[in-house]
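In this text the structure is predicted, and so the values were computed from the model without any measurement.
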Amino acid sequence: MSDYNKEGIRQIEEKWRREWVKREVYKVSPSEKPKYYVLDMFPYPSGAGLHVGHPLGYIASDIVARFKRLKGFNVLHPMGFDAFGLPAEQYAIEHGIHPARSTADNIRNFIRQMDKIGFSYDWGREVRTCDPKYYKWTQWIFLQFFDSWYNRKKDKAERIAELVEIFGREGNADYPFPNIKYKLPESGKNVFTALEWEGFGEKLRQEILMQYRLAYLAYTDVNWCEALGTVLANDEVINGVSYRGGFPVVKKQMRQWSLRITEYAERLLRGLDEVDFSDSMKEVQRNWIGRSTGARIRFRVKSERSAVPEMVVFTTRPDTIFGVDFMVVAPEHEIVKDITSEEQRAEVEKYLKYVESRSEVERMAEVKKITGAFTGAYAVNPFNGREIPIWISEYVLAGYGTGAIMGVPCGDERDHKFAKHFNLPITNIIGSHYNGEEANPTYDAILENSGFLNGLQMKTAIQVVIRELEARGIGEHQVNYKMRDAGWSRQRYWGEPFPVVYRDEMPYAMDEKDLPLELPDSNDFRPSGTGEGPLANLKDWVRINDHERRDTNTMPTHAGAAWYFLRFTDPHNDREFASRESLDYWGQVDVYIGGSEHAVAHLLYSRLWVKVLYDLGYLGFDEPFRKLINQGKITGDSRYVYRIRGTNKFVSAGLKDQYETDPLRVDIKFVNGLELNREAFTHWRPDFAGAEFILEGDKYICGAAIEKMSKSYFNVVNPDDIIETYGADTLRMYEMFLGPLEQSKPWNTNGIDGVFKFLRKFWNLFHDSNGNFAVTDAEPSRGELKVLHKTLKKIEQDVETFSFNTSVSEFMICVNELTAQKTNKRSILEPLVIALSPFAPHIAEELWEKLGHGETVFNASFPQYIERYLKEDSFEYPISINGKVRAKMEFALDMPKEDIEKVVLASEIVRKWSEGKPPKKVIVVPGRIVNVVL
RNA sequence: GCGGAUGUGGCGUAACUGGCAGCCGCGCCAGACUUAGGAUCUGGUGCCGAAAGGCGUGGGGGUUCGAGUCCCUUCAUCCGCACCA
């Protein structure tokens with residue numbers, strides 16, 4: 001009779017939860033030992049609490065942390081909360097509960113649930129992004145951005161003071177405005193001399209510096225969501241609607257903070273080569289950065305009015321310059337009004353109106369639709385003087401490149417469709433590669449009809465054209481990025497206020513000693529609806545005096561999350577965001593585990609912040625995460641019942657096609673497998689009270705679907721419930737057993753009994769049939785040693801490669817074999833307790849204590865395995881031919897010698913050998929050659 | 001459309017550099033113990049076949065003495081991105 005039952009487990013787990021806290025076993029500080037930093041993506045503390053999907057990554061990281069600790073590392077394994085954010089604010093609007101309060105409550109609940117699972121977090125290092133002691137430093141880092149610019153010559157960020165010095169010395173001729181479209185307000189030029197700089201007034205100087213700052217204010221097109229009353233980041237807009245709520249999003253011009261992440265595009269791209277992320281993760285980031293190389297080409301413009309002498313296009317295919325049959329500029333392009341001819345004016349204006357009328361959603365939905373208008377103006381091909389009509393069309397985006405393209409219908413599918421649709425002539429420069437039906441974007445064709453490029457392969461022609469463009473001064477090599485600067489203002493209450501003061505409409509950094517700029521208390525969280533956030537309602541807070549006012553926006557949640565991993569190294573420092581000493585000791589995150597949904601925004605911003613802090617000398621590394629693991633999502637397994645339309649009758653799934661039914665999700669609490677608990681169901685909601693059922697046999701069978709785990713789908717499984725029945729150790733091991741960490745999988749408890757039985761069997765190895773602890777000091781047998789060492793080796797390999805599912809299997813095999821041998825020897829069991837402790841810490845700790853150890857198993861050492869015990873089923877046998885030893889071969893122990901000779905002679909080895917290559921190694925199992933290494 | 005990933009028993013999955021496919025668990029079958037049970041233990045379980053034997057890693061082709069693994073092709077599913085010139 002085992003006492004590893006529901007009650008026994010509860011006692012063990014509660015006991016050790018208390019003991020671990022009391023003994024402060026998880027407290028860490030720098031030491032002589034090598035460090036290892038294991039980090040989870042910290043959660044947003046939602047009101048719904050943890051479901052079984054959340055802990056998947058946390059369990060994996062906890063296993064790694066505990067394992068590395070056993071391997072002699074000083075392990076930093078902290079946890080915190082991404083506590084600013086929209087849901088708390090929405091909740092406040094709906095329920096009148098202050099975000100600070102609901103957030104604190106939610107965090108308390110999260111911590112309670114996490115502690116039950118037995119994570120080895122050092123809670124002494126917990127951070128919350130909404131804590132003024134924390135966001136003081138978020139604001140401080142923001143000010144470092146504000147006080148910096150990107151020196152392209154040195155390829156790093158520098159202080160604004162150095163830029164001021166440069167301007168005073170030599171003007172900006174060698175340091176052009178990052179935004180190539182920017183012009184000085186009075187002169188209309190984009191360069192100034194040192195002398196001019198000296199003459200500029202304070203406001204103009206600030207205006208100019210703003211063009212260089214890494215955190216800057218600018219009027220930008222932002223994604224305005226009327227329904228949410230706020231601006232959203234690009235990655236918060238999906239297919240033209242808001243990520244949250246799915247509300248329509250339109251463009252709107254607002255004066256916003258942005259981070260100049262585009263200056264780091266190249267380094268963010270290059271940095272990917274140094275880190276260990278999955279290919280898909282790197283690819284997603286590369287796509288987001290969207291680097292493409294090509295050329296800028298200036299074309300002379302011929303229009304009725306000579307207001308605009310030239311237009312500029314960006315192309316990745318300058319080699320197709322002789323195939324240009326038309327030009328297209330974005331409808332929003334400033335050139336349009338200046339080049340449109342009298343004759344075409346009406347048509348162009350009609351088209352512009354049409355474009356304006358289209359919402360973002362429509363535009364996205366109708367991407368294939370071809371529209372456009374001719375401006376009446378022409379561009380001149382610099383190489384053959386051909387006059388090319390200039391059109392406008394919304395398929396050209398104002399925000400990318402120069403907002404203008406050269407149309408090459410024979411080589412570009414979109415251009416081809418455009419030409420066909422408007423009946424424009426198509427010049428073929430690629431001969432037989434173009435079939436007249438569809439464009440061919442090949443690089444391999446030999447160019448025709450292409451003047452001085454005739455006879456060149458397109459690949460080679462690209463460089464030839466660029467050289468020629470540069471020689472003639474009408475274009476140059478150019479690299480373009482899809483990535484935009486990151487909008488950093490949110491019209492929200494529950495976020496970090498911007499630590500700046502406006503004087504004469506220009507922002508100035510607050511003094512470091514006045515930080516944090518605390519979020520003022522308020523109970524009005526409604527956005528103003530005009531674009532200003534809730535803080536604008538607090539007039540006394542906004543207005544400092546007659547000349548000074550504050551910013552009414554707050555930072556996005558990305559801000560606090562962009563550097564929290566640095567704060568963990570020194571979480572209570574109130575003089576610095578973290579001491580250089582701590583940062584140097586703990587350094588990069590060695591393993592970062594989290595969901596792939598944060599692939600773009602969070603990772604890029606974190607990487608950016610680290611690079612900027614590195615440039616400014618606060619850090620010794622410029623990539624935050626050495627290795628990234630994306631755990632798969634655990635999806636929910638929903639259940640449906642089928643109500644016959646207009647009645648309160650429910651029909652079992654197998655019979656539902658005989659009726660007209662509406663499917664309804666039913667809470668999985670009321671379903672056992674697929675069978676509905678009819679009694680419980682009728683008590684669920686008042687309208688189901690008198691429900692009748694049409695059964696299959698005597699059962700009501702539900703429909704099933706795999707969907708995301710969500711409260712509103714009634715398919716959430718709470719880890720507390722699992723722990724209640726099986727204990728935390730079973731939950732931990734079962735979540736790992738479910739499948740490979742990085743794979744998404746639906747939650748089910750089908751196999752959980754197997755894991756539970758394993759733990760009970762393990763427990764029983766230490767106890768006699770009366771349930772009394774009983775291990776002996778007898779010498780282990782060879783068989784037992786082999787099982788032990790095989791298991792240790794496998795576990796070590798598996799954990800190093802994050803294959804936790806196979807580790808669990810390996811433990812099961814081990815226990816099965818030891819059970820068969822009725823092992824109760826300390827020398828075998830004790831090392832296994834250590835090896836199991838990362839996976840099932842509670843049971844391990846209890847057995848460890850029973851084995852007579854005073855110190856926690858958390859501080860033990862991972863046992864060494866001995867190869868000798870693993871090798872005993874094979875031996876090496878020298879093979880000699882003509883009296884000379886030519887190779888050593890590995891054979892199975894139970895194979896008769898004659899067979900070996902036979903195998904050797906009969907095998908393929910002889911054939912290979914005859915080719916003159918003696919094999920280095922041959923692995924044989926009875927009757928068969930397994931491996932020949934030549 | 002582009003990019004990435006994944007396809008193995010009834011199910012979740014395993015298989016180091018190509019080397020006896022299906023470990024471990026669930027489920028199922030049989031047995032033991034039982035005052036009958038959603039408990040525990042033991043054995044069996046890829047498919048077809050009475051057996052001998054044959055067939056088997058989404059489909060088709062290839063390389064190799066040998067392919068789940070490598071190459072080509074095709075289909076299916078999932079996840080990103082989406083007029084980026």
Distance, [atom1] atom - from [M] to [N], rounded to whole angstrom:
| N | M | atom1 | value |
| --- | --- | --- | --- |
| B:G62 | B:C83 | C1' | 40 Å |
| B:C70 | B:G7 | P | 11 Å |
| B:C75 | B:A30 | P | 46 Å |
| B:G66 | B:U73 | C1' | 23 Å |
| B:C79 | B:G31 | P | 46 Å |
| B:U77 | B:A67 | P | 30 Å |
| B:A82 | B:G3 | C1' | 10 Å |
| B:G9 | B:G56 | C1' | 10 Å |

Starting from [atom2] on [N], measure out to [atom1] on [X] and report it in whole angstrom.
| X | N | atom1 | atom2 | value |
| --- | --- | --- | --- | --- |
| A:Asn287 | B:C79 | CG | C1' | 13 Å |
| A:Ile634 | B:C78 | CD1 | P | 20 Å |
| A:Gln631 | B:A5 | CD | C1' | 17 Å |
| A:Leu759 | B:G25 | CG | P | 13 Å |
| A:Arg286 | B:G4 | CZ | P | 11 Å |
| A:Arg296 | B:A85 | CZ | C1' | 14 Å |
| A:Gln797 | B:U17 | CD | P | 11 Å |
| A:Lys790 | B:C24 | NZ | C1' | 12 Å |

Tell me whether the rings of [X] and [Y] are parallel (<30°), tilted (30 to 60°) or perpendicular (>60°).
| X | Y | answer |
| --- | --- | --- |
| A:Phe314 | A:Tyr400 | perpendicular |
| A:Phe422 | A:Trp391 | tilted |
| A:Phe737 | A:Tyr734 | tilted |

Answer with base, sugar-phosphate or nothing: what part of the nucleic acid does [X] contact at a heavy-atom distance below 4.0 Å?
| X | value |
| --- | --- |
| A:Lys757 | sugar-phosphate |
| A:Leu738 | sugar-phosphate |
| A:Asp753 | nothing |
| A:Pro746 | nothing |
| A:Val396 | base |
| A:Ser292 | sugar-phosphate |

Nearest-nucleotide pick for [X], side chain only, options being [options]:
| X | options | value |
| --- | --- | --- |
| A:Tyr400 | B:A85, B:A5, B:U40 | B:A85 |
| A:Lys761 | B:G3, B:C41, B:C24 | B:C41 |
| A:Glu283 | B:A85, B:G3, B:U40 | B:G3 |
| A:Asn805 | B:G4, B:U40, B:A14 | B:A14 |
| A:Thr806 | B:A14, B:G3, B:C24 | B:A14 |
| A:Glu394 | B:U40, B:A85, B:C83 | B:C83 |
| A:Met812 | B:G25, B:U40, B:A85 | B:G25 |
| A:Phe314 | B:G4, B:A85, B:G25 | B:A85 |
| A:Phe737 | B:G12, B:G4, B:U40 | B:G12 |
| A:Asp279 | B:A5, B:C26, B:A85 | B:A5 |

Open item on the list: Run A:Thr262 and A:Tyr481 through side chain to side chain donor-acceptor pair (under 3.5 Å) and show every step you take.
Closed with: CA-CA 8 Å; A:Thr262 47; A:Tyr481 301 93; over 6 Å; no
Task: Electrostatic pair A:Asp729-A:Arg760, nearest N-O below 4.0 angstrom - done: no
- [ ] Determine, for A:Glu266 against A:Arg291, whether the closest basic-nitrogen to carboxylate-oxygen distance falls under 4.0 angstrom.
- [x] yes
Task: Ring center gap for A:Phe326 and A:Phe418 short of 6.0 angstrom - done: yes
- [ ] Between A:Thr316 and A:Val755, just flag the one whose closest nucleotide in RNA chain B comes earlier from the 5' side.
- [x] A:Val755
Open item on the list: Assuming nearest nucleotide by heavy-atom distance, tell me which of A:Ile752 and A:Gly399 is located more 5' along RNA chain B.
Closed with: A:Ile752
What is the pairing partner of [N], taking Watson-Crick or G-U wobble pairs with both distances under 3.5 Å in any strand?
| N | value |
| --- | --- |
| B:A15 | none |
| B:A30 | B:U42 |
| B:U77 | B:A5 |
| B:G68 | none |
| B:C47 | B:G54 |
| B:U63 | none |

- [ ] Give the minimum heavy-atom separation between A:Met311 and A:Ala404, together with the two atoms involved.
- [x] CE-CB, 3.9 Å
- [ ] Kindly label the base of B:G9 as syn or anti, based on whether its glycosidic torsion lies within 90° of 0.
- [x] syn
TODO: Answer yes or no: is there a side-chain heavy-atom contact under 4.5 Å between A:Pro331 and A:Tyr354?
DONE: no
